[in-house]
Amino acid sequence: MTVYAGWQDNGRDQQSYTLSYSTVSAPGTFLPLTTVNFNPAGVPATNPTLNRVIISESSLPQLATNVAALRFDFLNTENVYAGYAEIDAVGAAVPEPGTVGLLVTAFTGLLIFGRRRGT
């Protein structure tokens, strides 16, 4: 997951939020994943700022599985506002065991059909 932010100067470039997720089995219950509090330092007051926060499996051992929804709770930021530009959340679908079994059965049937036909 990547969160992009920025502002025309360094007055509202802080990213501050908690990230939670719910699972498919309990879509109304959100579990805490992480808290972010990133305020870029050393940027001259009049310069535009751009920043990003990356939340990945290398920063958290197991990010989340069976996710139904994500929730961002935005916390206090500098000067009351922040300039969020984009939030990218990318996941990978994992086939259910029943689906894998069905594919193996279909593939086996095609192999048997092909051998009988070729003989």
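The shown structure was predicted, so the numbers you read here are calculated from the model rather than taken from an experiment. Just so it is clear, the values below take in all heavy atoms, side chains as well, and ignore hydrogens, waters and symmetry mates.
Each of Val53, Ile55, Val36, Val3 was checked for a side chain to side chain contact (heavy atoms under 4.5 Å, CB included) with Leu19, and the lone residue meeting it is Ile55.
Hydrophobic clustering (side-chain heavy atoms under 4.5 Å, transitive across Ile, Leu, Val, Met, Phe, Trp, Tyr) keeps Phe72 apart from Tyr4. Side-chain heavy atoms closer than 4.5 Å link hydrophobic residues (I, L, V, M, F, W, Y) into clusters, and following such links, even through other members, never connects Phe74 to Trp7. Hydrophobic clustering (ILVMFWY, side-chain heavy atoms < 4.5 Å, transitive): Phe30 and Tyr17 are in distinct clusters.
Under the 4.5 Å side-chain criterion, counting only non-hydrogen atoms from C-beta, Thr29 is not in contact with Ser22.
Considering all non-hydrogen atoms of both residues, Pro27 and Ala68 come closest at CB-CB, 4.3 Å. The two residues Val67 and Ala64 have their closest heavy-atom pair at CG2-CB, 3.4 Å. The heavy-atom pair separating Asn76 from Ser16 by the smallest distance is O-OG, 3.4 Å.
Taking Thr35 as the reference, Thr18, Leu75 meet the side chain to side chain contact (heavy atoms under 4.5 Å, CB included) condition, with sequence neighbours excluded. Residues satisfying the side chain to side chain contact (heavy atoms under 4.5 Å, CB included) criterion with Asn79, sequence neighbours excluded, are Arg12. Take Arg52 and apply the salt bridge (charged side-chain N to carboxylate O under 4.0 Å, His left out) test, not counting sequence neighbours, and it matches no residue. Partners of Glu78 by side chain to side chain contact (heavy atoms under 4.5 Å, CB included), not counting sequence neighbours, listed by chain and number: Asp13, Gln14, Asn39. The salt bridge (charged side-chain N to carboxylate O under 4.0 Å, His left out) search around Asp9 returns none, not counting sequence neighbours.
Taken to the nearest 0.5 Å, the CE atom of Met1 stands 9.0 Å off from the CG atom of Asp88. To the nearest 0.5 angstrom, Asn10 atom CG is 11.5 Å from Asn51 atom CG.
The other members of the hydrophobic cluster of Val80, by chain and number, are Tyr81 (side-chain heavy atoms under 4.5 Å, ILVMFWY only).
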